[in-house]
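Notes for the one structure printed next.
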Amino acid sequence: MHDIRAIRENPEAFDAALARRGLASLAGELLAVDEQRRAAITRAEGAQAEQNRASKEVGAAKARGDEGEFERLRALVAEKKAEVAAMRGEADAADARLQAMLAEIPNLPLAEVPEGADEADNVEVRRWGSPRNIETPREHFDIPAVQGGLDLPLAAKLSGARFMVLRASVARLHRALAQFMLDLHGGSHGLTEVWAPVLVRDEAMFGTGQLPKFAEDSYQTTNGWWLVPTSEVSITNFAAGEIYEAGDLPIRMVAHSQCFRSEAGSAGKDTTGILRQHQFEKVEMVTLCTPDQALAEHERMTGCAEAVLQALGLPYRVVVLCTGDMGFGAQKTHDIEVWLPGQGKYREISSVSTCGTFQARRMNARFRPEGGGKPEFIATLNGSGLAVGRTLIAVLENGQEADGSVSLPEVLAPYLGGAGQISAEGALV
RNA sequence: GGAGAGGUGCCGGAGUGGUCGAACGGGGCGGUCUCGAAAACCGUUGUGGGGGUGACCCCACCCAGGGUUCGAAUCCCUGUCUCUCCGCCA
């Protein structure tokens, strides 16, 4: 959510930033509505002040038994009251229009974000590791070791397309990955592990920016709760309405949750395998900090996500998203793409964004600056650390051997009863 | 799901129609006293919005939204959250 006062002070800069995102100018329209709104407020408050004055005098007139004055003031109050109601109505309507417009405008890219139209214009920042030389790489669902452990037809029977059933070694590996990530982030990375609801109210979805514009992308229960598309929604909204002390920031959290996405519009992409699911698990990092800490925290969080891939020995690259490819709430985003031998491509496995004060403004999340003073909006960041299902794919595909087995990263052994491999027959050994 | 009790400022807690943005206590901050500290005493202490170059002025907010009234923290309705008991349940 943007600050209308900032737009008022520098409409040209606002429109220029929108243009970088490929959007048309909006400042003129916004300021016109803002003008109407403020004019109506001024008139409403003027009338209200008069009404308040008259109201006070009514009591006094009554007390001294001045019936004539009493009746006159009463009539005056009634008149002002009607005037106030009319003006307030105008002000509220203008305000609602303004809020509705602002609520659908995406965050603006930082100056350092490369300009571009889509994915193709993202800029690679660095690479880590190099892909193994695999003779005839298979996609995860074709690897012999995985055959008994991944049952897509069964999932289809239960739920339809884009769901999965995992069994035995693969189910356990999936769980092991999530546990490993949580332990790593909660341990040496110093994040606080949290657990939060995945069913949330409208307000929470608005706060992080899923509503009002992207209602179609999420599922809603019959009684109105939303199933979160990422626990970023639940966790970032911890801050809603809060005023933190500057000294308490940054607050760094990590959670593991189910995520639900209806993926409207993506039909036809990645239809085989488990890359794109309606329900999946993700380990998510969220940081609440002051705006001037945000960029350093963004790098730190990216590093936390990379550490998971490094520990698992999975080759990846980090790209900075261009202006045209960034999400609604982001000011700057790093995507981390892991090497998938089966596709012979780097594919997104994590997305780390700083939202600046954009979400904080939507959810009224503030902090009191060092040494006191007026509360200011905090900055919020979120990043996957990592998407568990996609990590499963990456581990399986990168570890696949010519004999049909899969070699597993050593760091997972403690979570797998010491196993280091899934045999071609699907057993953990 | 049923029955009941409640939601007041940083915290505790008054306040059931009239000048209450809110008594009182605690906490915080500033000061007096002191070599310093404690104690004591004095003062101060919210958020949002509108207007003005400015000193400053105005409006709103006692969970939220409606309503009654000349006037509501106080009365009515709805929602919401918390607590207690019953039922159900992992």
Side-chain angles (χ1 to χ4, degrees), chain A residues 1-9 30-103 195-207 211 220-226 234 237-249 257-258 357 360-378:
Chain A
M1 191 81 125
H2 295 286
D3 180 2
I4 187 64
R5 276 176 298 192
I7 298 172
R8 211 187 290 153
E9 278 164 29
L30 290 167
L31 293 183
V33 177
D34 181 47
E35 193 52 53
Q36 290 172 20
R37 172 183 147 268
R38 285 188 298 152
I41 287 174
T42 303
R43 278 177 286 156
E45 292 190 344
Q48 181 76 62
E50 290 178 54
Q51 187 197 324
N52 289 350
R53 261 195 302 281
S55 283
K56 280 188 185 174
E57 290 167 22
V58 166
K62 185 76 174 174
R64 79 181 107 82
D66 188 343
E67 281 302 321
E69 184 67 356
F70 177 72
E71 287 306 330
R72 189 188 71 80
L73 287 167
R74 234 174 105 140
L76 180 63
V77 168
E79 184 192 316
K80 287 298 161 194
K81 201 174 159 181
E83 199 179 324
V84 168
M87 291 299 118
R88 285 251 187 256
E90 264 185 50
D92 290 348
D95 189 57
R97 279 203 303 282
L98 183 63
Q99 295 307 318
M101 289 166 75
L102 288 171
W195 189 98
V198 293
L199 292 174
V200 300
R201 303 169 179 280
D202 292 353
E203 289 84 347
M205 291 285 277
F206 181 87
L211 291 182
Q220 192 171 26
T221 66
T222 50
N223 68 345
W225 283 322
W226 294 90
S234 322
N237 275 286
F238 284 12
E242 300 294 330
I243 301 179
Y244 295 100
E245 294 303 324
D248 295 338
L249 304 175
S257 85
Q258 301 284 334
T357 57
R361 199 170 269 114
R362 293 175 86 92
M363 63 179 73
N364 194 27
R366 294 169 297 172
F367 74 101
R368 206 175 290 282
E370 212 77 63
K374 289 276 180 195
E376 297 171 19
F377 291 110
I378 63 170

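Note on naming: letters A, B, ... go to the chains in the order of the sequence lines (proteins, then strands), and numbering restarts at 1 for each one. Below, all heavy atoms of this structure are taken into account, side chains as well, without hydrogens, waters or symmetry copies.
B:U78: Watson-Crick or G-U partner is B:A64, with both key distances under 3.5 Å. The partner of B:G4 is B:C83, by the rule that a Watson-Crick or G-U pair needs both atom distances under 3.5 Å. Of all nucleotides present, none satisfies the Watson-Crick or G-U wobble test against B:G21 with each distance under 3.5 Å. Across all strands shown, B:U34 forms no Watson-Crick or G-U wobble pair with both key distances under 3.5 Å.
The base of B:G51 has none of its N or O atoms less than 3.5 Å from a complementary donor or acceptor on the side chain of A:Glu45.
OP1 or OP2 of B:C81 lies within a sub-4.0 Å distance of a side-chain N or O belonging to A:Arg201. OP1 and OP2 of B:G49 both lie 4.0 Å or more from every side-chain N or O belonging to A:Arg38. At the phosphate of B:G49, OP1 or OP2 sits under 4.0 Å from a side-chain N or O atom of A:Arg5. A sub-4.0 Å separation between OP1 or OP2 of B:G50 and a side-chain N or O of A:Arg37 is present.
Using a 4.5 Å heavy-atom cutoff, the side chains of A:Leu211 and A:Trp226 are in contact.
Where A:Asp92 and A:Arg8 meet RNA chain B, the nucleotide closest to each residue was compared, and A:Arg8 sits on the side nearer the 5' end.
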Protein-nucleic acid N or O pairs under 3.5 Å, nucleotides 44-47 of chain B:
| residue | atom | partner | partner atom | Å |
| --- | --- | --- | --- | --- |
| B:U47 | OP1 | A:Arg368 | NH1 | 3.3 |
| B:U47 | O3' | A:Arg366 | NH1 | 3.0 |

Report all interatomic pairs (protein N or O, nucleotide N or O of nucleotides 71-77 of chain B) with separations under 3.5 Å.
| residue | atom | partner | partner atom | Å |
| --- | --- | --- | --- | --- |
| B:G71 | OP1 | A:Lys81 | NZ | 2.9 |

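As rounded to the nearest Å, B:G65 and B:G13 have P atoms that lie 25 Å from one another.
The nearest whole Å value for the distance from the CE atom in A:Met87 to the C1' atom in B:G49 is 18 Å.
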